[in-house]
Amino acid sequence: MRVLNLSDNWLFTKGNNEFCIEKEIDNGEHITLPHCFNAIDGQSGDGMFKGECCYQRKLNISNEDINKFTFLEIGAASIICKVYINGQLAGGSECGFSMFRVFLNPFLKAGENLISIMVDNSSHDDIYPLMADFSFYGGLYREVKLIISEALHFNLMDNGKDGIYLTQRNIDKDIFELKINGKIVNELSDPKEGKIQFKLISKEEKIVFSKILDVKVLKETEFCLVEEIAKPNLWEGLENPYLYRLEAELYYEDKIYDKKTIEVGFRTIEITPDKGVFLNGKAIKLNGVSRHQDFAGVGNALTKEHMDLDMSIIKEIGANSIRLSHYQHNDYFYTLCDREGILVWAEIPFISVPTTSDKENKNAKDQLERLIKQAYNHSSIYCWGVQNEITIAIENETIYEMVKELSHMARKLDSSRFIAQANIHSVANESSLNELTDIVGYNLYYGWYYKEIRDLEKRLDEFHKTRPDIPVMVTEYGVDTNPKLHSYNPVVKDYTEEYQLLFHNNALKTFNERAFVLGGYVWAMFDFGSEIRNEGGEKGRNQKGLVTIDRKIKKDTFYLYKAYWSKNSFVKLAGSRFVNRHKELNDIVVLSNLENVKLYLNNQFISEINTSEPMKKFNDIKLTLGKNIIKVEAFDDAGNIYSDEMILNHVKEIDESYILLKHEDEKHVVNWFEKFDLSNVQEVAIKEGYYSTFDTIEKLYENEQAKEVFRKYFGEVAKSQQFKVMKGLMTIDSMSKRSRFNIPKELLSAINRELNVIAKKQD
Ligand code: GCB
């Protein structure tokens, strides 16, 4: 089997160009893969292109290779994709985050062939995500490879990756069972007698076992080998991510036809509802961050270098877990997690709103199948996430059923891992949704979208009290932060670095003080493109990252986490971008995982703190007008000195550039209903046969009068793209249960007074 990388010599054209299915593109742009056609506009906030684009390339097939078996492997194409060979449709995919393969033989000829790949990132009402807070970048944004195979090979076309599945089970104290199963395919009609040699090899190149299976292959043949491994070196997370490698060689008449090498780490993971997580029997807190797959200027077309950089930043902070949100990521990133010892929450984009046009929910299932089959062999993955905030518009039985189906399916595809979900805060602790998965995550934004920072503790304690048997964690928490903005008195929605520090310090304390909380996933490790956003002084971005989207600025909170999590000694002064200080007395915040820190002002020792608190504060440091040099030193037990320095400028006037002048709050409309008179509104008894706040918006829109009532109250909301996606699901009543719409009870009665007099057509 030969695998060729087809990253170069592509032509690209934007827009609906059906002619390029068959004909060569005239004035195409020369590009190399990976490529994203929203690299810039997907992060600009000025509207992004959505539609069909064409990628084209020639492919020469030799007279010898035409007799072989050829597959095109597309790492991912966002969001839907059709592959044409010499003008004929050969395959495609509607799973924009997964790898897929196309069998090319029926369409190829010896000599020159034309590959045309149509990629479409426009919205479809049955393809996920339907709606989400991230840009739906379009492109052929991962690697494309050509696989030229002999007649006999491990299965390439089961929606998986290797055609081989490794399942481990801890059967006794330190004995593991490794099941190796899969399928061999024979492309020819005559049966073939083959052999598979399996070898498990340690990092030190010692052969743990070597086994040969004889296989007779008709068209397809399944194989299965189960081996016991006594006392393997364990995969111990960050401390020692020990990996073995399994080599599987497929022989026919003493010639190797196919070969796979798969890394595997042996570990046990236990999740309890009261004592948290145990990795190989050792208690650990999931110190996690969430990551999207995009980067400034390239959209989602990340190279290995981008991914290596992300991993190095995540390692620097000391995280031991990553939520790879909200979809399947590049296989290379899961490999990095295996190798670095990072536990992974992997998930599908069954997010925000479910489809109403496909009762089977086929696309969510397809994406789940591909995620699980393709990422199955990554030992770092501990759970499969089946939904994220899917009840954003409404919570009902239909959605429970969908989640239940996905959970069952995940369990069937992989019984060795946990099933998980991430709920929006409005899902009640008592909700039966919480019974559908092994792990329940809540995305909790207390102190940002609603209530106060400290309400996080209350909510977690209440959950645990109500649901003592359900393992819980915080799958998202964070605040948008623009590192240009600063304040002496940080408050919610000021987007300052200082507010982000307060918010996260509280969250970390909250998790650490509660053994039952499995851990948390910071939302988010990096700022990311979100075309719908315009807030905090930046358009087109979600700024909740600890690091900016170009990975250039590590916000102060990055170092707060480092101080909590990392074992590498360091010290960092917070507030270094808050240069111009108009107050004479300033609190100087120091972030460090060392206890003993000393502060110097203009080279003079000021004072010293000894505390294990990661965030330490020197109060009321008196600055002199003009330039002040602040220096901090920290000391480890071995006497090593670590230091950091910053310059603060004491000025007379407040520096206005640190303050966000306009609170653009388009997404979360505040008290917009004030223009309606809600005094003296009486509750209305709802009459059957007439419209009400319990009808979906789509239903209201069927009647001109009812539509007008809706538009009178929610005209602004109705303009947004998200609203269009939610119309079929959302009722005014369900909107009122979502804090971001901020609808008072009286308003519901007022609206019902107008709606509940409009008769529905009898059908
Ligand atoms: C959420 C979503 C995530 C958003 C985040 C936010 O709950 O799951 O996709 O980006 O909130 O920043 O609002």
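Whatever order the structure lists ligands and atoms in, that order sets their numbers, starting from 1.
Neither the backbone nor the side chain of Asp480 comes within 4.0 Å of ligand 1, counting heavy atoms alone. Counting heavy atoms under 4.0 Å from ligand 1, residue Trp523 touches it through the side chain alone.
For Arg142 and Phe97, the positive end is not near the middle of the six-membered ring at less than 6.0 Å and at most 45° from its axis.
Aromatic ring orientation, Trp345 versus Tyr382: perpendicular (interplanar angle above 60°, classes split at 30° and 60°). Aromatic ring pairs are classed by plane angle as parallel below 30°, tilted from 30° to 60° and perpendicular above 60°; the pair Tyr561 and Trp565 is perpendicular. The aromatic rings of His292 and Phe134 are tilted relative to each other, their planes meeting at an angle between 30° and 60°.
Per-residue contacts place Phe528 under 4.0 angstrom from the following atoms of ligand 1 (heavy atoms of the residue considered): 10 (O). Of all the atoms in ligand 1, the ones that sit under 4.0 Å from a non-hydrogen atom of Asn542 are 6 (C), 10 (O), 12 (O). Atoms of ligand 1 lying under 4.0 Å from at least one heavy atom of His326, given by number and element, are 3 (C), 8 (O), 9 (O). Using a 4.0 Å cut-off to heavy atoms of Arg533, the atoms of ligand 1 that qualify are 6 (C), 12 (O), 13 (O). Residue-ligand proximity, Asp133 to ligand 1, at heavy-atom distances under 4.0 Å covers atoms 4 (C), 5 (C), 6 (C), 10 (O), 12 (O), 13 (O).
Residue Tyr449 places a heavy atom under 4.0 Å from ligand 1.
By the 3.5 Å distance cut-off applied to N or O atoms, Glu476 is counted among the residues near ligand 1.
Arg541 and Asn534 are not linked by any side-chain donor-acceptor pair at a separation below 3.5 angstrom, with hydrogens and angles left out of the test.
The main-chain N or O of Gly540 is never found under 3.5 Å from a side-chain atom of Gln43 such that the two would form a donor-acceptor pair.
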| field | Worked check of salt bridge (Lys or Arg N to Asp or Glu O under 4.0 Å) between Arg417 and Asp414 | value | CA-CA 6 Å; Arg417 287 185 171 94; Asp414 183 0; 2.8 Å; yes
